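Here is the structure we will look at.
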Amino acid sequence: MTTTIFDASRAGRSNRQHAPQDSQTPLDIPERFLRKTPPLLPQVGELQVVRHFTLLSQMNFSVDTQFYPLGSCTMKYNPRICHVLASLPGFLNRHPLATEGSGQGVLRSLYELQEMLQEISGMQAVSLTPMAGAQGEFAGVAMIRAYHRSRGDEGRTEMLVPDAAHGTNPATAAMCGYTVREIPTNAQGDVDLDALQLAVGPQTAGLMLTNPSTLGVFERAVERMAAIVHEAGGLLYYDGANLNAVTGWVRPGDMGFDAVHFNVHKTFATPHGGGGPGAGPVGVGNRLAPFLPLPVVQKQIRDNGREWFSWMSEKDLPQSIGRLSTFAGNVGILLRAHIYLRMIGAEGLKRVAEFATLNANYLMARLTEAGFAVAFPKRRATHEFIITLKREADEFGISALDFAKRLLDFGFHAPTMYFPSLVPECLLIEPTETETKETLDRFADAMIAIRQEARDYPQRLLKAPLAVPVPGGGIGRLDATRAARKPDLIWKESAVL
Amino acid sequence: MTTTIFDASRAGRSNRQHAPQDSQTPLDIPERFLRKTPPLLPQVGELQVVRHFTLLSQMNFSVDTQFYPLGSCTMKYNPRICHVLASLPGFLNRHPLATEGSGQGVLRSLYELQEMLQEISGMQAVSLTPMAGAQGEFAGVAMIRAYHRSRGDEGRTEMLVPDAAHGTNPATAAMCGYTVREIPTNAQGDVDLDALQLAVGPQTAGLMLTNPSTLGVFERAVERMAAIVHEAGGLLYYDGANLNAVTGWVRPGDMGFDAVHFNVHKTFATPHGGGGPGAGPVGVGNRLAPFLPLPVVQKQIRDNGREWFSWMSEKDLPQSIGRLSTFAGNVGILLRAHIYLRMIGAEGLKRVAEFATLNANYLMARLTEAGFAVAFPKRRATHEFIITLKREADEFGISALDFAKRLLDFGFHAPTMYFPSLVPECLLIEPTETETKETLDRFADAMIAIRQEARDYPQRLLKAPLAVPVPGGGIGRLDATRAARKPDLIWKESAVL
Amino acid sequence: MPFIPHTSAEIDEMLNKIGVLSIETLFEEVPDRLHCPPLDLSPPLGEMAVSRLMRERADADAGGLCFIGAGAYEHHIPAAVWEIASRGEFLTAYTPYQAEASQGTLQVLYEFQTMMAGLTAMDASNASLYDGGSGLGEAVLMAVRANPDHNKVVLIPASVHPHYRQVVETMTQDQGIEIIEIPFDPVEGRVALKSLASFRGKKVAALVIPQPNFFGILEEVDELTDWAKAEGAVVIGLVNPLTLGLLKPPGEWGEEGADIACGDGQPLGSPLSSGGPYFGFLCCKQKLLRQMPGRIVGRTEDPSGRSGMILTLQAREQHIRRSRATSNICTSQGIMTVAAVIHLSLLGPEGLAKVAAMCHAKTVALVNKLTAIPGVSRQFTGPFFHEAALRLPKPTAAILAQLSRLGIQGGYRLGEAYAKLDKAILICATETKTEEDLDFYADTLVWALNVKESF
Amino acid sequence: MPFIPHTSAEIDEMLNKIGVLSIETLFEEVPDRLHCPPLDLSPPLGEMAVSRLMRERADADAGGLCFIGAGAYEHHIPAAVWEIASRGEFLTAYTPYQAEASQGTLQVLYEFQTMMAGLTAMDASNASLYDGGSGLGEAVLMAVRANPDHNKVVLIPASVHPHYRQVVETMTQDQGIEIIEIPFDPVEGRVALKSLASFRGKKVAALVIPQPNFFGILEEVDELTDWAKAEGAVVIGLVNPLTLGLLKPPGEWGEEGADIACGDGQPLGSPLSSGGPYFGFLCCKQKLLRQMPGRIVGRTEDPSGRSGMILTLQAREQHIRRSRATSNICTSQGIMTVAAVIHLSLLGPEGLAKVAAMCHAKTVALVNKLTAIPGVSRQFTGPFFHEAALRLPKPTAAILAQLSRLGIQGGYRLGEAYAKLDKAILICATETKTEEDLDFYADTLVWALNVKESF
Ligand SMILES: Cc1ncc(COP(=O)(O)O)c(C=O)c1O
Ligand SMILES: Cc1ncc(COP(=O)(O)O)c(C=O)c1O
């Protein structure tokens with residue numbers, strides 16, 4: 001840790017250039033409403049602020065500086081132009097409640113995005129308002145619930161989720177008041193169809209599925225699964241986190257899904273920002289369309305023949321599950337996705353899937369050749385694949401975590417670790433289409449070198465990382481247990497000394 | 001060195017998003033005008049480009065990340081807002097030859113800058129066109145030459161320059177066809193008045209002076225010097241590189257100077273960009289005004305009472321020394337200076353001088369107290385001061401260079417070394433007003449620690465830097481002699497292997 | 001290929017290594033009949049063309065003076081904020097799971113937590129939620145969890161932002177939580193203590209207290225807090241963080257302080273951007289910590305005792321606890337918090353207070369100018385801060401549309417959410433407005449009120 | 001205090017350590033009578049106020065379609081260029097004197113030198129000069145130094161940019177160098193070999209050859225180069241680097257190639273910005289290396305054999321050689337070269353060629369559209385590239401002013417610099433212009449030519 005901005009604070013320092021002149025009018029607020037002591041905020045000069053945060057930024061890995069084969073997370077190149085154009089003053093300065101007449105540029109762009117997402121997913125309607133994948137899931141599952149309820153079908157209390165599913169799936173189902181029922185995976189990495197058949201029933205509200213799954217394989221029997229669930233009266237929800245593996249090749253709507261969320265910060269290359277903001281638009285088939293979350297952009301043709309874009313409200317969508325965000329979701333992020341889609345178009349989108357898949361399969365081939373154990377060696381990798389370091393763990397006493405930490409020293413972000421949890425000592429590797437073959441080769445070489453180290457100097461691995469190549473990168477493996485046992489969550493004056 | 005962008009190149013890679021579609025029209029250019037082989041440019045993807053140059057940027061020290069006490073160079077905080085506003089599309093997209101009607105915003109801003117600079121320097125007229133300090137000097141000296149010539153006074157062939165002057169001063173005088181005559185400095189750091197008196201004569205075109213001088217002291221007898229030179233028929237040129245030490249306190253015009261250049265990238269906080277662009281406007285008194293370089297902005301009042309800003313041409317200034325830049329100089333940089341001046345105003349400008357001086361004197365006091373030898377201990381430091389490591393060199397066998405290199409390991413940019421050359425083993429230290437006392441203290445502590453090292457482990461110093469705190473900072477002291485002996489100035493294919 | 005660096009030679013080598021002849025083969029596990037025809041999207045544009053298109057659209061939306069607040073506020077954001085926050089190392093990093101390679105983001109979040117806890121006078125803060133509305137939703141869920149012995153009933157005044165209430169409704173409806181709306185006093189515009197009387201002893205789980213409320217009116221937060229604490233209800237303070245430079249923080253309301261503070265962080269460095277991205281913040285007292293949703297950063301040590309930051313208390317989160325997590329939230333609003341930290345660092349405590357005071361002063365001045373117009377008056381009598389409801393003598397929709405055509409976003413039409421306030425608009429003038437701007441609004445309003453409807 | 005972080009407690013401590021009572025005392029060596037009264041500058045503005053002011057001014061200057069070239073060209077600059085180039089570590093670094101702490105800038109410059117040498121087919125490049133005009137000035141001085149046995153006479157065609165010629169004049173006038181203007185063929189618009197005949201055997205030091213020339217006309221560079229080399233003159237190729245994606249580079253002109261190549265780097269990533277900052281580049285053959293002005297970066301090694309970059313051959317420069325330096329240049333245009341390197345890396349050889357070809361195609365299309373208007377014709381007959389001179393049937397100043405009022409910057413009035421070309425304008429359409437833009441220009445010109453003068 002570098003000193004905090006609070007350590008640099010000195011009473012009386014200020015940046016007058018950022019504070020308005022003192023107001024002439026004396027404050028007319030009754031005493032009882034006022035704060036007695038100023039809040040703990042740092043008092044630092046502008047240069048100090050710039051220097052502190054610039055130096056902090058350098059202490060990060062990021063796509064702009066490192067290869068980030070983080071499975072499920074899709075850390076690909078975020079085109080700078082999308083950021084620059086979404087940051088145009090005309091977009092940034094518009095108030096969410098400004099008149100629609102003063103926002104036809106942004107509304108048209110959002111409307112077009114809705115249309116593009118419909119086409120890409122094979123769905124009939126889209127709402128852009130969810131602010132991340134998890135909120136998109138919430139919207140989807142809440143719509144499923146609203147649908148059943150609208151039919152008086154109140155007995156459906158269970159949501160089916162494969163055991164390999166991402167944690168947000170069961171968590172979402174629970175937030176929507178459902179009991180979660182896990183469906184096991186078979187040895188080939190597919191959902192166990194028999195188990196699914198057994199699990200469905202009149203209590204089944206639906207199934208949440210990721211396809212390609214979080215195991216890095218395509219659920220080959222997806223149509224069968226859809227049939228089973230639909231026959232039981234349930235609906236299918238598509239977790240779009242892996243949509244980037246199949247864009248332009250196969251569409252959730254065609255596979256039989258009733259609702260889908262998109263992860264624009266995965267599939268459509270908006271930057272992840274160290275933890276957001278993302279956006280998680282939802283698309284639905286006709287059955288769920290009346291329940292879409294608000295607001296949604298609509299297009300009308302005016303008397304003068306001109307197109308007019310406006311927000312739909314409760315009046316237009318009376319059965320809507322309601323609002324999920326204060327205004328209209330993460331508009332700025334949606335603009336980035338719109339721009340990205342505009343730039344790559346239909347062919348480009350298909351290429352994304354192709355080259356994400358090529359890169360994953362190539363890397364899998366290289367690692368397989370080098371003797372690493374792939375979780376599903378008989379399967380094609382999709383855009384990602386899993387290796388298990390079980391053997392290495394047993395033989396050398398090192399873990400997937402040790403491997404991951406040592407990769408940091410080589411200047412690579414670690415793959416996703418220990419997810420999905422059914423594969424022991426696993427790493428979920430997603431190279432993305434924007435990385436070069438050289439980078440994949442260097443990564444494979446690093447993996448091989450680390451395994452050699454595991455054999456020769458296991459102690460070194462247990463201590464990794466030893467020297468992450470960032471300024472201040474001398475930091476060693478941080479103690480997570482200690483952090484949780486005695487939480488130190490905010491800086492305190494006394495802590496300085 | 002990190003691999004170059006050429007090493008990452010692969011035949012056939014391209015970023016189609018940046019190339020226009022192939023043109024329909026076939027190229028109608030006769031064969032003999034065309035290139036036969038494509039130029040050596042890298043073929044790399046956009047992510048690779050972003051990653052390569054982002055990582056390279058991290059390998060730099062900069063004001064935004066480190067303390068930079070680089071005497072004479074004035075590396076202070078460059079307010080981001082100046083950069084952001086000067087980069088507004090309205091400013092960036094305007095063609096230099098666009099009609100004046102489409103540029104009243106920028107022309108007005110430049111005009112106001114001319115006026116501000118006149119006021120700050122006590123001069124009568126300003127031209128903004130020189131693109132750096134050295135070109136400002138050229139403009140000034142060329143005007144002096146034009147002035148003498150205009151009076152038929154052709155015999156003035158000598159330009160006087162103090163021995164401590166910056167290298168650009170004699171080099172400029174030479175470019176203007178003058179013989180340079182050096183004037184010695186006395187033991188107190190002032191120009192030797194007797195020597196000056198002896199040096200002047202009918203051959204004297206003028207004197208180029210920096211005040212405060214490059215020795216970090218104020219030329220106390222500047223009025224006397226002006227009188228001596230003026231009496232001899234010469235003119236006085238003010239090298240404004242150190243103007244930041246006295247803004248709002250004393251003006252070159254009042255000291256008796258006939259011409260002055262401003263270093264906007266020093267005094268007015270425009271960023272230095274790793275070596276430019278800067279800007280070096282020149283201000284002159286009435287005698288030299290007719291000779292100002294073109295173009296200059298003028299203000300007229302139109303019939304409708306509105307102000308109108310336009311460029312003056314040869315017709316308006318027939319005696320001008322001419323053009324120095326293709327268009328109007330580094331307009332974007334001048335805008336930054338204008339914005340900076342607008343923000344700090346008269347009081348702010350005076351404060352700049354005060355706090356630059358306070359910081360320098362404080363640091364000098366701390367280093368003096370710690371036993372370092374200051375070049376002019378009896379003098380007040382201005383905004384900068386010199387220490388000499390002669391004693392340390394003699395006692396421990398280390399040099400100012402060793403000290404400087406070791407400072408890099410401590411995360412401080414080194415002060416200016418070996419300039420001015422009259423002080424042996426010197427470091428010229430300029431902390432600037434934007435640095436905090438804590439930073440100065442940490443710097444002083446580092447100096448003290450390094451001297452202790454010089455005593456205890458001189459070998460270590462001779463090898464410094466040992467670990468500059470930037471990524472890839474493991475690089476040791478680079479061999480300058482080797483670089484010059486066998487110049488390797490461009491990447492060559494063969495060099496890879 | 002845009003954003004794909006492969007050369008054809010490399011593609012061949014790669015296919016070779018995989019042992020297939022074409023990329024298509026890699027998709028062989030996708031049933032043939034599922035392959036879709038080419039997507040019908042508009043043809044790809046180069047960077048130049050898309051730039052021109054988007055610039056035209058942005059220009060079309062630009063300009064105009066904004067006097068709307070209603071949950072999103074136009075503030076001056078120092079240039080350094082986004083110049084630094086959008087550095088690639090912040091912008092293109094993932095959630096800092098690999099702590100040792102993410103100390104930059106982690107430390108910023110730790111500083112963020114400190115600032116938010118400081119502003120609200122709470123013990124802890126998470127590292128952001130999506131926005132203010134969903135943040136309130138999470139706060140309500142958290143309060144209900146934290147108060148298992150009480151009924152799943154939460155009181156929310158009608159003086160809370162109507163959109164927030166809608167989001168809370170959406171988020172809680174399937175969990176059997178009853179949200180009860182508390183009316184506001186139609187004269188004062190704030191909750192009268194007596195409106196709560198009927199809930200005495202009803203073991204409500206929580207009470208939400210907005211400050212200032214949606215109308216800009218200051219609620220009697222001490223009184224309300226004390227009432228709720230006496231009832232054993234969790235107190236959720238819903239606040240605009242910018243105003244906390246001046247106003248009493250939730251942690252100090254009443255005798256014991258609120259238990260949870262939440263709100264939208266937009267005023268701290270997020271551009272208006274048609275509604276997002278902003279960020280929600282959520283702070284709480286120590287005892288509620290383990291009920292907190294969202295990511296939390298903590299300080300710890302490496303084996304050699306160097307301190308560093310790490311994501312902590314993850315047992316609350318979906319990736320560990322799955323269906324029993326405190327929330328399903330995963331990605332939140334990272335980069336907006338980076339901007340907030342830089343913004344707050346540049347302003348400091350004094351700057352923040354000055355901005356808040358100036359916003360208030362500007363709004364007061366605007367209220368004075370506008371209420372000087374015949375027929376225009378304040379809707380409520382309670383003391384207000386930095387936002388105010390005005391009653392107009394003509395239909396508000398038409399007036400606002402007319403103002404908009406003249407380059408003024410004149411306010412939010414309260415009739416949209418409150419049938420009884422059909423004649424009122426909610427206005428706000430932040431520190432960004434000059435005296436001339438205020439006059440321009442007043443003059444234009446005079447004109448708009450006098451012009452024939454048909455114009 | 002804006003940009004000054006001192007607190008009053010610190011000021012006291014510092015004064016104390018220095019041993020003075022006030023900051024004023026530190027200025028005691030400045031004679032009292034020199035102290036100036038308070039400066040008369042406009043009152044300081046906060047960041048918000050100055051932002052509003054400058055935005056208004058920038059907006060006032062914005063908009064319009066630019067068809068002017070004449071030495072500065074509107075090109076699409078990929079967003080990544082300035083997003084990366086304006087990172088603080090590049091933007092706020094000093095000249096890389098301390099090599100070990102400046103490897104970022106140094107390596108970029110090394111890559112820059114490689115690209116410029118590659119583009120021009122020269123052996124070496126410096127790390128930038130101020131701009132094209134002053135770059136040509138330095139090239140002329142360099143050529144004269146390099147040719148000490150010849151007369152200090154340099155031939156410059158009148159088809160070189162008039163401003164460049166003015167700058168060369170200013171820079172050389174005091175060094176006894178005679179600049180002789182070579183006329184161009186009034187029909188073809190380029191230098192006819194026969195115009196040089198009279199300088200045969202005159203031991204001129206150098207010949208400048210522009211390609212394309214100021215009118216966009218392609219000079220017979222092979223012929224001219226061979227003539228000059230036969231005369232023992234140094235050949236200076238003045239080129240637009242963007243066109244070198246397609247056109248023959250100076251290093252390959254004639255039998256032996258030019259000796260020096262220079263020009264303005266603006267088309268490689270510098271925005272138009274009313275004329276600057278751009279950058280000048282200067283490349284040369286190996287044998288002229290030590291006459292090169294400006295900074296040069298070289299690769300070397302550290303004691304353990306790791307290679308790194310350093311400023312080299314400094315014995316040419318003012319800070320070492322003082323009055324005997326190759327030039328007085330010190331600060332040059334660093335950050336613009338960083339942008340150029342990123343720009344060229346994104347375009348690659350193919351992209352650069354395509355941009356050049358598209359600029360040409362667009363200009364050809366525009367010339368065709370405009371010359372289809374009665375009375376409008378090409379001024380010259382020589383082959384042109386990416387820029388062209390057109391003759392108009394009405395006074396050019398009035399026409400251009402009218403176009404400007406309608407949002408078109410229609411071209412450069414050649415009459416400003418060439419009395420005989422008073423009826424001609426120089427136009428250019430880069431890759432940024434669409435078919436509709438070209439039509440809009442054509443339509444507007446038709447209108448402007450037909451409208452009454454008085455309008
Ligand atoms: C498979 C899967 N589903 C859902 C999510 C949740 O998306 P978000 O983080 O945008 O809420 C993720 C994110 O990592 C994911 O990988
Ligand atoms: C004293 C002095 N004079 C002149 C100059 C030259 O200024 P520039 O680098 O802007 O050409 C400098 C720059 O370092 C300087 O320090």
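Throughout, a chain's letter reflects where its sequence line sits, starting with A, and its residues are numbered from 1. Owing to the predicted nature of the structure, the values given are computational and were not obtained by experimental measurement.
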Exercise for the section: Please round to the nearest 0.5 Å and tell me the distance separating atom NE2 of B:H18 and atom CD1 of A:I81. Expected result: 8.0 Å
Problem - Heavy-atom side-chain contact between B:R13 and A:T436 under 4.5 Å - result: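 In short, these two side chains touch, coming nearer than 4.5 Å.
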Exercise for the section: Please look at A:E438 and chain B and tell me whether the side chain, the backbone, both or neither of the residue comes under 4.5 angstrom of a heavy atom of that chain. Expected result: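 The side chain, not the backbone.
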Taking all heavy atoms of [X] and all of [Y], pick out the closest pair and write down the distance.
X      : Y      : result
B:T54  : A:T65  : CG2-CG2, 3.5 Å
A:P471 : B:P469 : CB-O, 4.4 Å
A:L47  : B:E435 : CD2-OE2, 3.4 Å
B:Y77  : A:E46  : OH-OE2, 2.6 Å

Exercise for the section: Please determine, among B:K76, B:Q48, B:Q17, the option with the most heavy-atom pairs under 4.5 Å with chain A. Expected result: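 Among the listed options, the one with the most contacts to chain A is B:Q48.
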Problem - Choice from B:H52, B:R80, B:M343, B:Q66 maximising heavy atom contacts with chain A below 4.5 Å - result: B:Q66
Handout entry: Per-residue contact mode, B:V44 against chain A (heavy atom under 4.5 angstrom)
Key =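 The answer is neither part of B:V44.
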Practice task
Heavy-atom pairs under 4.5 Å with chain B are the metric here; pick the option from A:D64, A:V63, A:V50 that has the most.
Solution key: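 Of A:D64, A:V63, A:V50, A:D64 has the most heavy-atom pairs under 4.5 Å with chain B.
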